[in-house]
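Report on the following structure.
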There are 2 protein chains.
Amino acid sequence: MPENDRTRTTRGRQLDPTRDAAILDATLDVLAEVGYTGMKIEMVAERAKAGKGTLYRRWPSKEELVIEAVTRMGQRDVGAEQLPDTGTLRGDIIALIRPELMEEQSQKVRVIAGLTSMLASHEGLAESANNANIGAWITANRVLIQRAVDRGEAKADADVDFLARLIPSMSAHRIALEGKALDKDFLVKLVDEVLLPALR
Amino acid sequence: MPENDRTRTTRGRQLDPTRDAAILDATLDVLAEVGYTGMKIEMVAERAKAGKGTLYRRWPSKEELVIEAVTRMGQRDVGAEQLPDTGTLRGDIIALIRPELMEEQSQKVRVIAGLTSMLASHEGLAESANNANIGAWITANRVLIQRAVDRGEAKADADVDFLARLIPSMSAHRIALEGKALDKDFLVKLVDEVLLPALR
DNA sequence: CGTATCCGGTAATGGCCAGTACCGGTAACG
DNA sequence: CGTTACCGGTACTGGCCATTACCGGATACG
């Protein structure tokens, strides 16, 4: 039920669809900054320049709002179809590192980190959060590495699933626990010093 | 100020020092299970078979209690002096994987994960939590890897600081986000397939 | 011994904040 | 046009705990 029941038959003014995006974006911003517990509905409303009523007219609770925001965040992912294909794994992985994507990934990781405490209790959220976000990054890596294996660039007995987690895991740790930014140097070093050696 | 001011000059019964450990242990257990927000003072009291007053007689707030518990958790670390020394890096790292340590590390990671949302807001906690816990594990790895470099077992230009984070980061991701246990197979694979190739 | 203080319980107190109700104003249905 | 429902604001309500206050026993200091 990501989209609430918007099929109206009644009279009068309709919900303004442009407010939705503003509210969901504000939700992610606040989540990334202060986590689920620190996030107050009023902060989201204020940042979205909306009244609390406007939020509650769309989502029945804070929890539902957060679930939709996180789910939507997971949907704007890299898109497994349009992955780079430069002919080498190193080139592919580095092509994945565009500055906008890095910033976006950083926000995603921060959102998830601020959510970990409720993952255990809330079932659907854990799914959306983990699978849809870091998960997409891992999936992209999996595809790229598998290609390298098929191409003979990487050794045939490599554990693709396992190695696909390498870069996202290390990055998540750097962002969430060390509080550092995700810079290109770090990622390039990860590819050259760790991932590629592991595939030879 | 880890230890409260216990220098009493007044008359009457003293604080029973054996209650402290029970309460701090209970705090860590609850934190690992439900995170900071989900943790209610009453849960801790109940698990420690204590009254709430007994807690508040020792710590002025939930926050202070958690800080001391987490700080103390950081102090029972591997102990950089008694690190294994088997002659090979592989042997050393695997010797570090004792079942009790794995269970303890898993609890630590779960505690930290349930705390991430408050790390941003509370300064000292982030320090205690990150540096003192995963940090100790990273430090142990750093020492072992440096030894391997000195010994000529690993290549001389290896970035020891960087590689020391490999196993702890990957393990933390596995425990905190994937919710899986930290088993020996996973760690051995990490050493053989990732760390050692990166050092050749 | 006498009493100050602790102990494990349990019953207030009080603040924070999700959720609700309304307000004056406005846009979009019939 | 006349409703009806929305919009951004701003109270108000109610529940959940952190924190405090007590209770009827222990206990250890002087």
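A note on names: the letters A, B, ... follow the listed sequences, proteins ahead of strands, and every chain is numbered from 1. Predicted model, so just to flag it, every value in this text is computed and none were measured.
For A:Y56, the side-chain atoms get nearest to C:dG19 when compared with the rest of C:dG19, C:dA11, D:dA18. Among the nucleotides D:dT19, D:dT10, D:dA18, the one closest to any side-chain atom of A:K52 is D:dT10. Out of D:dC17, D:dC29, D:dT19, the shortest distance to the side chain of B:S61 is found at D:dT19. Comparing C:dC7, D:dC7, C:dT10 against the side chain of B:D16 picks out C:dC7 as the nearest. Of the candidate nucleotides D:dC6, D:dA11, C:dG8, C:dG8 has the atom lying nearest to any side-chain atom of B:A50. You'll find that the side chain of B:R13 is closest to C:dC6, out of C:dA18, C:dA11, C:dC6.
The distance from atom CZ of A:R19 to atom C1' of C:dA27 is 14 Å, rounded to the nearest whole Å. At whole-Å resolution of the value, CD1 in B:I41 and C1' in C:dG14 are 16 Å apart. Distance A:E46 CD to D:dC7 P: 18 Å, rounded to the nearest Å. What separates NZ of A:K62 from C1' of C:dC16 is a distance of 12 Å, to the nearest Å. Per the geometry, NZ belonging to A:K40 stands 8 Å off C1' belonging to C:dC16, to the nearest Å. Spacing between atom CD of A:Q14 and atom C1' of D:dC7 amounts to 14 Å, rounded to whole angstrom units.
Under a 3.5 Å cut-off, the side chain of B:K62 and the backbone N or O of B:M39 do form a donor-acceptor pair.
Phosphate proximity of D:dC7 to A:R57: present, with a side-chain N or O under 4.0 Å from OP1 or OP2.
When heavy atoms are screened at a 4.0 angstrom cut-off, B:M43 is found touching no nucleic acid atom at all.
For the residue pair A:W137/A:Q105, the side-chain donor-acceptor check at 3.5 Å is not satisfied.
Taking the charged nitrogens against the carboxylate oxygens, A:D16 and A:R57 have no contact shorter than 4.0 Å, which rules out a salt bridge.
Within a 6.0 Å sphere centred on NZ of A:K49, other residues, nucleotides and ligands contribute 12 heavy atoms or fewer.
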